[in-house]
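Ligands are counted one by one from 1 in listed order, and the atoms in each one are counted from 1 as well. Predicted model, so just to flag it, every value in this text is computed and none were measured. Any value given below was found using the heavy atoms of this structure, including those in side chains, with hydrogens, waters and symmetry copies removed.
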Amino acid sequence: MSFTLWFTGLSGSGKTTLSRGVYLELKRRGIKAELLDGDIIRTNFSQELGFTKRDRDINVRRIGFVSYLLSKNDIVSVVAAIAPYANARRQNRRLIGQYIEVFCNCPLAVAEKRDVKGLYARARAGEIPSFTGISDPYEEPRAPELVVDTDRETVEESLIKIISDLEDRRLVPKRDQCKLCNYTEEDEFRRRQNLAALGFARNIQV
Ligand SMILES: Nc1ncnc2c1ncn2[C@@H]1O[C@H](COP(=O)(O)OP(=O)(O)OP(=O)(O)O)[C@@H](O)[C@H]1O
Ligand SMILES: [Mg+2]
């Protein structure tokens, strides 16, 4: 039995950035892990779903179920998905058991100022209905295992905080206890290029 590390938070709060960082570090430590990013899942796995509460809940439950299967088979599932509704998150927690929730805590104003994908501007202009934080709810986690204040911490600081927490929980061995592998961003890049060539994941970040 492994565990699931779920990054939840507003758009632009840092879920993709931090999940990728943690995932790569786990791979370097020789730990079997998979990264499930909400954007990529929506493109390849949940294409038919929209952004109603019902569809969002289905999407989050699907990701939860895949995470359950992976974790049950000793693979760490690292998830980056807004998961705005507390109830859907709670159901996943129950299903998965070893479920570590990381709340990417970032004020809306900061996430909006970052506007990494230009979506906030479009949401404010009324071009995107049901946009989390603007015209759709985000229910903040009440008791997440970990909170990263991404408006006040650097990416590096947040990453160290998360990895140290996983070490303290004995879920991840410390670096000096691992046979380190040379797993790099380029390895990921190549894998993603192969997928893209096969017609998958057109919005994959490479
Ligand atoms: N401590 C931090 N942790 C994570 N990201 C940070 C931090 N400090 C600054 N940032 C910046 O904030 C931005 C976060 O964008 P990112 O794409 O990771 O958000 P997201 O939560 O995945 O959004 P979305 O839900 O739209 O996919 C990046 O540009 C990142 O460099
Ligand atoms: Mg993201």
Judged by heavy atoms only, the candidate from R114, R152, K117 nearest atom 24 (P) of ligand 1 is K117

Under 4.5 Å between side-chain heavy atoms, chaining through other members, with only Ile, Leu, Val, Met, Phe, Trp and Tyr counted: pull out the rest of the cluster around L49, sorted by chain and number.
-> I58

Once the angle between the rings of F103 and Y138 is folded into 0 to 90°, is it parallel (under 30°), tilted (30 to 60°) or perpendicular (over 60°)?
-> parallel

Please determine which of L36, I100, V102, N92 meets the side-chain contact (heavy atoms from CB on, under 4.5 Å) test together with W6.
-> N92

Is any side-chain N of the basic residue among D136 and R56 closer than 4.0 Å to the acidic one's carboxylate O?
-> yes

Which option out of R20, K161, E153 puts a heavy atom nearest to atom 1 (N) of ligand 1?
-> E153

Any N or O of G14 that comes nearer than 3.5 Å to an N or O of ligand 1?
-> yes

Give yes if a backbone or side-chain nitrogen or oxygen of G12 is under 3.5 Å from a nitrogen or oxygen of ligand 1, and no if not.
-> yes

R42 vs D39, salt bridge (Lys or Arg N to Asp or Glu O under 4.0 Å): CA-CA, chis, key distance, verdict | CA-CA 5 Å; R42 274 194 175 272; D39 278 348; over 6 Å; no

Contact region, V148 to ligand 1, non-hydrogen atoms below 4.0 Å, reads neither

Applying a 4.0 Å heavy-atom criterion (strictly less than), which segment of D37 is in contact with ligand 1: side chain, backbone, both, or neither?
-> neither

Y99 versus E145, side-chain donor and acceptor atoms under 3.5 Å | no

Residue part near ligand 1, for E157, under 4.0 Å between non-hydrogen atoms | neither

Using a 4.0 Å heavy-atom cut-off, say whether V116 meets ligand 1 through its side chain, its backbone, both or neither.
-> side chain

Side chain, backbone, both or neither: L18 near ligand 1, heavy atoms under 4.0 Å = side chain

Criterion salt bridge (charged side-chain N to carboxylate O under 4.0 Å, His left out) against R20, the qualifying member of E185, E25, E188 = E185

Taking only heavy atoms of T154, which atoms of ligand 1 are found under 4.0 Å from at least one of them?
-> 1 (N)

Metal site the Mg ion (ligand 2): N/O/S of S11 inside 2.8 Å | no

Please name all residues satisfying side chain to side chain contact (heavy atoms under 4.5 Å, CB included) with Q177, sequence neighbours left out, ordered by chain then number.
-> P173, K174

Considering the heavy atoms of L10, write down every atom of ligand 1 situated less than 4.0 Å from one of them.
-> 21 (O)

Is I82 reachable from F131 through a run of hydrophobic residues whose side-chain heavy atoms are each under 4.5 Å from the next?
-> yes

Logged contact type for S13 with ligand 1, heavy-atom cut-off 4.0 Å, is both

